[in-house]
A.B. asks: 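First the structure, then my questions, so here it is.
Letters go in sequence order (proteins before strands), and every chain restarts at 1.
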Amino acid sequence: MRGDAFGLIYAGEQIYNLRELVDMRAVGALPVGGRYRVIDFPLSNMVNSGIRNVAVIASRNYNSLMDHLGSGKSWDLSRKSDGLFFLTPFANRDNPGVYRGAVEALKSSMDYLKRAKQQYCVFTGSRTIYNSTYDDMMDFHIDSDADVTILYNKLANERWDGPRYEDARISVKKNGEVRRIEIDAEMSSLDCLVMDAFIIRRDLLVYLIDESVARGDYHFTGGLLRNNLGRIKIMGYEYKGYVSRLHNVASYYQTNMDFLDPKMQTSIFRGTNRIYTKVKDEVPVRYMPTAAVKNSVVANGCIIEGEVENCVLFRGVYVGKGTTVKNSILLPGCEVGDDAEIENAVIDKNVSVRNRTRLIGSRDYPMIIRKGAVV
Amino acid sequence: MYRRKKTVAMLLAGGQGSRLGALTSVRAKPAVTYGGKYRIIDFPLSNCAHSGIDAVGVLTQYQPLELNTYIGNGSPWDLDTITGGAFVLPPYIKGKSGKWYSGTADAIYQNMYFIEQFAPELLIVLSGDHIYKMNYDWLIREHKTKQADATIAVLPVPIEEASRFGIMNTDKEMRVRKFEEKPEHPKSNLASMGVYAFSWPVLKKYLEADAADEDSSNDFGKNIIPAMLKGGERLFAYEFSGYWKDVGTIRSLWEANMELLQDYPPLNLYDDPWRILSRNPNEPPHYVDAGAVITNSMISEGCHIYGTVINSILSNGVTIAKGSVVRDSIIMAESEVGEGSVIDMTIIDEEVKVGKSCRIGDYADATRKIAVIGKRAVIKNGASVGAGEQVGVGDMIAKAKSAKTAKTAKKGGKPARKEAKS
């Protein structure tokens, strides 16, 4: 990547529409695609762009996130100089302990920001899934002499077509300059969706954070950027590949189902840029003589005796004899007994489903079984 | 001494395993794939990790590239500790001369300086060729309780097979009285597993004497153990009960893999405190297409399955195309099977490309001979490889190789298709 950059991932998004799935974990720690956590995507994107200094700003429920990231070794970020930093909140004069927005979180991370040796900052959220480097975006940023570059994708390129008023939207001039920023617009006419990824010079970021906090603006796109539109040069850079955002249970469900599309798998997994994740030593999947699996993604450590169709099975899932599981997502360590029936469900980690249990959700409102439950 | 360790393990990984044919022409036997994602050496290394031994010297000699790359600094087995580590030890030039390891004992002797830097009380000598789960700590405890100079792990084998092994004749206290290498008339059924615990100062003495003896073949079984017995040292046998397998031949490798597909495999890979650790590739979970059929098989990460897989074990990144059938076979990492091909009783090595409508192995073959396809071999569209045939590393097999093989392929092909449908 041209220009030296450090990475900053804000993992404090609160997305209550993900319901029980985010009760005990940050969005970034949400398992996705059979083997990954959401944060693996922005983190791998940074590493694949050659970034060797990444800070993850945590806000709440960051236990599982911390457990997942560890020293950063799985992403080659366990380094003598730089590497992975985990910035947790702590109460002090400037900070009540719970962030009111990304800007306040950045304010609390000022020490790290001021100390970083790199000139540019690649700042992202932790709930958007795509596989790309930031190389082209950085070229664009430098060539267009921008102060801030926003990564966006067009509405038409989205696979998910449900309600999406939570996204920040922008309108972009022909030369790429951002004309307008809209937040939470119920009937927005803009079709460029912000992908929660920005490139900005480090010293400018530090200045804008201080200014924004002084004014009481804690939202990054809606506050810090929108208030400075026209004052600084904000550019938009379009991303044309696969993007998925997690706003609610339905989009979480759909994102996982997207992994069943071989084309999408090829685009996200078979290119030169790999998505890295924490590895565990699991046995290859064991298909017993009675197993019948169709159109599914299955992670190592699973033992399958029953029927599985259109499913994403994470590590170490057991499906008993005579059981059918359809259109469902089973998170790591789930055990489903014999003769059970599961359809349109998201079964969280370590859930036990007893023999002959029926769990049937609806496709656009999948049933969620809470982590560790016995059903 | 800063690096002082009570126990150091030396893992003999130079085995050529020549009876494994094409599989070991590019790698040493310990690097051979087993159970889809494992290498044979994962077993002794995982045993070390779980037994609390973190200083492991890996002695390599034959085709070390794959093994060296695989072991690295030992981090997959948590061996990358501050004072310990996994150390790959090839033979090297000392002063003006140097020589290959002439035997198992010589390999240890030549690395005396490596061992001495830890000043250990005990030296564990292991073989990198065997599949088993064993807590070396129990062996060590037994060694200490008996105040032994050497303790040899033994496995009871059926007496009629005993003449294939090194046999320990013991007394009631399990003290070894005699050691016989492949005896014609075995007096005991306790076979040496190639796992030894030695009191290092004692062993050192015998290694030095052995190195000075020009007639010695520098082997633990042939020379060191008999010499120690002769010298009146306290040698004990430690009886191991559990799964232990030497996969020395194509057939035994195939069988050991197939044992994992039994309803209750004799080797439990799901043993949580004794998980088999390995270097994991960075691959997404595998994908099973709507048209795929998989029964009684093990499939690893990164595979794409569109065809039929029955009683088979697939390593990571294998693609099985539409309409193809894989049966009773082992397919190693990153290999591809094209559309409409039928594969029976075959071991396919890594990165092999099988084209469309190929026929490998023969289901109807009564002798159940196992075909082997070497690494990076290419089987062109429509080609066939008969039961029990071997295709060398990087070889290319074209369709019109001989009319005869084409004919047998057609004959064998029929029942295969029938079965795939039902």
A.B. asks: Has the side chain of A:Lys294 got a donor or acceptor atom that lies under 3.5 Å from a matching backbone atom of B:Gly291?
C.D. replies: no
A.B. asks: Please flag which part of B:Pro265 lies under 4.5 Å from any non-hydrogen atom of chain A: side chain, backbone, both or neither.
C.D. replies: neither
A.B. asks: Is there a side-chain contact between B:Ile276 and A:Asp281, using heavy atoms and a 4.5 Å cut-off?
C.D. replies: no
A.B. asks: Do the side chains of B:Met298 and A:Val283 get nearer than 4.5 Å, heavy atoms only?
C.D. replies: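 In short, these two side chains touch, coming nearer than 4.5 Å.
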A.B. asks: At a heavy-atom separation under 4.5 Å, does A:Arg315 approach chain B through its side chain, its backbone, both, or neither?
C.D. replies: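 For A:Arg315, neither part sits under 4.5 Å from chain B.
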A.B. asks: Report which part of A:Phe314 has an atom under 4.5 Å of a heavy atom belonging to chain B: side chain, backbone, both, or neither.
C.D. replies: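 Answer is neither: A:Phe314 stays 4.5 Å or more from chain B.
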A.B. asks: Got a second to check how far A:Ile304's CD1 is from B:Ile294's CD1, nearest 0.5 Å?
C.D. replies: 8.0 Å
A.B. asks: Against chain A, label B:Leu314 side chain, backbone, both or neither, depending on which of its atoms sit under 4.5 Å from a heavy atom there.
C.D. replies: neither
A.B. asks: Please check this pair: side chain of B:Asn282 against backbone of A:Ile275, looking for a donor-acceptor N/O pair closer than 3.5 Å.
C.D. replies: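 Yes, the answer is positive, given that a donor and an acceptor are paired below the 3.5 Å cut-off.
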A.B. asks: Can you list the residues that meet the side chain to side chain donor-acceptor pair (under 3.5 Å) rule with B:Lys245, with sequence neighbours excluded?
C.D. replies: B:Glu259
A.B. asks: Of B:Thr295, B:Leu261, B:Ile299, which is the lone residue that meets side-chain contact (heavy atoms from CB on, under 4.5 Å) with A:Tyr287?
C.D. replies: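 Looking at B:Thr295, B:Leu261, B:Ile299, the match for A:Tyr287 under the side-chain contact (heavy atoms from CB on, under 4.5 Å) is B:Ile299.
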A.B. asks: Checking B:Glu334 now: which residues fulfil side-chain contact (heavy atoms from CB on, under 4.5 Å) with it, not counting sequence neighbours?
C.D. replies: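 Per chain and number, B:Glu334 pairs via side-chain contact (heavy atoms from CB on, under 4.5 Å) with B:Glu283, B:Asn316, B:Glu351.
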A.B. asks: Would you please go through residues 32-44 of chain B and name the residues with a non-hydrogen atom below 4.5 Å from one of chain A, in numerical order?
C.D. replies: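 Within residues 32-44 of chain B, near chain A: B:Gly35, B:Gly36, B:Lys37, B:Tyr38.
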A.B. asks: Provide the full list of salt bridge (charged side-chain N to carboxylate O under 4.0 Å, His left out) pairs with a residue in residues 273-282 of chain B, sequence neighbours left out, each pair given once.
C.D. replies: A:Glu282-B:Arg275, B:Asp272-B:Arg275
A.B. asks: To the nearest 0.5 Å, what is the distance between NZ (A:Lys280) and CG (B:Leu277)?
C.D. replies: 13.0 Å
A.B. asks: Using a 4.5 Å cut-off on heavy atoms from C-beta on, say whether the side chain of B:Tyr306 contacts that of A:Pro262.
C.D. replies: yes
A.B. asks: With chain A, which of B:Pro76, B:Pro284, B:Ser300 has the greatest number of heavy-atom pairs at distances under 4.5 Å?
C.D. replies: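 Most heavy-atom pairs within the cutoff with chain A belong to B:Pro284.
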